[in-house]
Novice: 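Just dropping this structure here.
What you see below is based on every heavy atom in this structure, not just the backbone, and it leaves out hydrogens, waters and symmetry mates. Keep in mind that what you see is a predicted model, and the values were worked out from it rather than measured.
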Amino acid sequence: MSQILAVQGSPRGERSHSRRLLESFLLAWQTQDRERAVLRREVGRVAIAPINESWIAAAFQPEGERDEVMQADLALSETLVDELFAADRLVIATPMYNFGVPSGVKAWVDQVVRIGRTFDFDPGNPRSPYTPRLLGKKALIVTTRGDHGYGPGAIYAARNHADTHLRTVLEFIGIDDVTVIAVEDDEYGGQSFADSYARAERALAELAGSF
Ligand SMILES: Cc1cc2nc3c(=O)[nH]c(=O)nc-3n(C[C@H](O)[C@H](O)[C@H](O)COP(=O)(O)O)c2cc1C
């Protein structure tokens, strides 16, 4: 059985384009096979705790040496990491906010990129000090932007720290098969936005067959 973990990052509800695109993609993907399952993880409209000093101390304490307080500090992280391991597909739907991702998506990232859980660190390893732990998974990032020109090679590509950041993070923990589908011009509206949205819809419908 195949399972998607769907991370929803927009603080907007029904008005959210990334959310709407995500839902149509999930429907198309699930229609292909009744056995396919989707687990939704809301991070845009439900607060994900930012990591803090005690979280960091607990994360760096070897697993068997954590007291109850440390275990409680890591409880949400354990749940979110378990969700990632349980899924063989990951979809993150997120707007670009201030050239990066909204704080809920960043909080989720900080909770799941965890030493000893999703990656290992060994400074003595001659190949690389970092070993990713999440292998054999595919990811899709559905991202929406108010302006345009943030795609690879485009005029504002260097300002894009949203899907590019997520791609780096996912690769770091072992998910290196990542597709990005973006909608631009939400703030301009009109034909350019309609065209961009329609292109993304078509690309997602096509991808649903092979994801
Ligand atoms: C707080 C905030 C910051 C934003 N920052 C950017 C930005 O840096 N670049 C951009 O192109 N659009 C920016 N936008 C526009 C959103 O990315 C755009 O409206 C997007 O389509 C919203 O996604 P949603 O419909 O899924 O909520 C911003 C919007 C908000 C509310």
Side-chain angles (χ1 to χ4, degrees), residues 1-10 22 26 36-94 96-97 99-143 160-180 211:
M1 190 187 80
S2 201
Q3 174 162 306
I4 281 183
L5 171 64
V7 177
Q8 299 161 308
S10 178
L22 170 72
L26 294 176
R36 290 180 169 178
V38 174
L39 177 69
R40 287 177 177 74
R41 169 52 69 174
E42 181 63 58
V43 305
R45 290 164 74 79
V46 174
I48 297 291
I51 61 168
N52 56 21
E53 184 165 359
S54 56
W55 185 100
I56 297 165
F60 279 85
Q61 188 79 1
E63 195 181 339
E65 297 169 25
R66 290 182 196 131
D67 61 23
E68 278 178 19
V69 176
M70 286 177 160
Q71 286 171 30
D73 280 329
L74 293 179
L76 173 63
S77 172
E78 297 292 0
T79 302
L80 298 178
V81 170
D82 287 347
E83 288 175 359
L84 255 183
F85 273 101
D88 57 348
R89 301 283 181 268
L90 168 68
V91 185
I92 303 175
T94 181
M96 172 185 275
Y97 271 13
F99 310 103
V101 291
S103 56
V105 178
K106 181 58 166 60
W108 178 82
V109 164
D110 289 344
Q111 292 280 358
V112 300
V113 179
R114 228 182 86 194
I115 191 162
R117 283 291 267 131
T118 51
F119 74 95
D120 288 313
F121 176 63
D122 175 5
N125 187 331
R127 269 197 318 133
S128 164
Y130 302 105
T131 307
R133 283 201 179 188
L134 280 162
L135 303 175
K137 298 179 193 293
K138 276 189 190 182
L140 164 66
I141 298 167
V142 180
T143 186
N160 178 0
H161 306 285
D163 50 279
T164 51
H165 165 68
L166 293 174
R167 190 190 276 282
T168 301
V169 160
L170 295 178
E171 204 177 277
F172 182 71
I173 58 176
I175 307 174
D176 52 13
D177 185 342
V178 181
T179 303
V180 175
F211 190 68

Novice: Are there more than 12 heavy atoms of other residues, nucleotides or ligands under 6.0 Å from atom CD of Glu63?
Specialist: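 Incorrect, the count does not exceed 12.
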
Novice: Roughly how far apart are Ile56 CD1 and Asp110 CG, rounded to 0.5 Å?
Specialist: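 So the gap between those two atoms works out to 9.0 Å.
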
Novice: Side chains of Arg41 and Thr79: closer than 4.5 Å at any heavy-atom pair?
Specialist: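 Result yes, sub-4.5 Å side-chain heavy-atom pair found.
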
Novice: Does Arg117 come within less than 4.0 Å of Glu78, counting only side-chain N to carboxylate O?
Specialist: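 So Arg117 pairs with Glu78 through a salt bridge.
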
Novice: Taking the side chain as every heavy atom from C-beta outward, state whether Val105 and Val7 have any atom pair closer than 4.5 Å.
Specialist: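 They are not in contact (no side-chain heavy atoms under 4.5 Å apart), so the answer is no.
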
Novice: So, Gln8 side chain and Gly44 main chain: donor-acceptor pair closer than 3.5 Å or not?
Specialist: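 Looks like no, no N/O pair under 3.5 Å.
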
Novice: Do Gln3 and Leu5 come within less than 4.5 Å of each other through their side chains, counting heavy atoms only?
Specialist: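 No, every pair of side-chain atoms sits at 4.5 Å or beyond.
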
Novice: Would you confirm whether Arg66, through its side chain, and Gln61, through its main-chain N or O, come within 3.5 Å as a donor-acceptor pair?
Specialist: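 It does hold such a pair.
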
Novice: Can you run down the ring pair (Phe, Tyr, Trp, His ring centres under 6.0 Å) pairs that involve residues 49-91, sequence neighbours left out, and say none if there aren't any?
Specialist: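 Non-adjacent pairs meeting ring pair (Phe, Tyr, Trp, His ring centres under 6.0 Å): zero.
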
Novice: If only atom types and distance count, is the side chain of Thr179 paired as donor or acceptor with the main-chain N or O of Leu140 below 3.5 Å?
Specialist: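 Answer holds: no.
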
Novice: Calculate, to the nearest 0.5 Å, the distance between atoms CG and CD1 belonging to Leu90 and Ile173 respectively.
Specialist: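 Taking CG in Leu90 and CD1 in Ile173, the distance rounds to 8.0 Å.
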
Novice: Step by step, work out the side chain to side chain contact (heavy atoms under 4.5 Å, CB included) result for Val178 and Glu171.
Specialist: CA-CA 8 Å; Val178 181; Glu171 204 177 277; over 6 Å; no

Novice: Would Arg167 and Asp163 pass as an ion pair if we require N to O under 4.0 Å?
Specialist: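 So Arg167 does not pair with Asp163 through a salt bridge.
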
Novice: Begin from the C-alpha positions of Arg40 and Val38 and carry the test side chain to side chain contact (heavy atoms under 4.5 Å, CB included) through to its verdict.
Specialist: CA-CA 6 Å; Arg40 287 177 177 74; Val38 174; 3.8 Å; yes

Novice: Taking Thr143's backbone N and O only, do any of them form a donor-acceptor pair with Thr94's side chain (distance below 3.5 Å, no angle check)?
Specialist: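 It does not hold such a pair.
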
Novice: Considering residues at least two apart in sequence or located in another chain, which fulfil the salt bridge (charged side-chain N to carboxylate O under 4.0 Å, His left out) criterion with Asp88?
Specialist: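 Scan of Asp88 (salt bridge (charged side-chain N to carboxylate O under 4.0 Å, His left out), adjacent residues dropped) gives none.
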
Novice: Could you report the tightest heavy-atom contact between Ala107 and Ala49, atom names first, then the distance?
Specialist: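 For Ala107 and Ala49, the tightest heavy-atom pair comes out as CB-O, 4.2 Å.
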
Novice: From Ile51 CD1 over to Asp73 CG, what is the distance, rounded to the nearest 0.5 angstrom?
Specialist: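 The CD1 atom of Ile51 sits 11.5 Å away from the CG atom of Asp73.
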
Novice: Would you compute the distance between atom CG of Leu84 and atom CD of Gln111 and round it to the nearest 0.5 angstrom?
Specialist: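 Result: 12.0 Å between the selected atoms.
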
Novice: When rounded to the nearest 0.5 angstrom, what is the spacing between OG1 in Thr118 and CG in Leu80?
Specialist: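 Atom-to-atom, Thr118:OG1 and Leu80:CG are 11.0 Å apart.
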
Novice: Which pairs, with at least one residue in residues 130-142 and sequence neighbours excluded, count as a side-chain hydrogen bond (donor to acceptor under 3.5 Å, both in side chains)?
Specialist: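 Passing the test, one end in residues 130-142: Asp120-Arg133.
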
Novice: Quick check for you: to the nearest 0.5 Å, what is the distance between Thr168 atom OG1 and Asp176 atom CG?
Specialist: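 Rounded to the nearest 0.5 Å, the OG1-CG separation comes out at 12.0 Å.
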
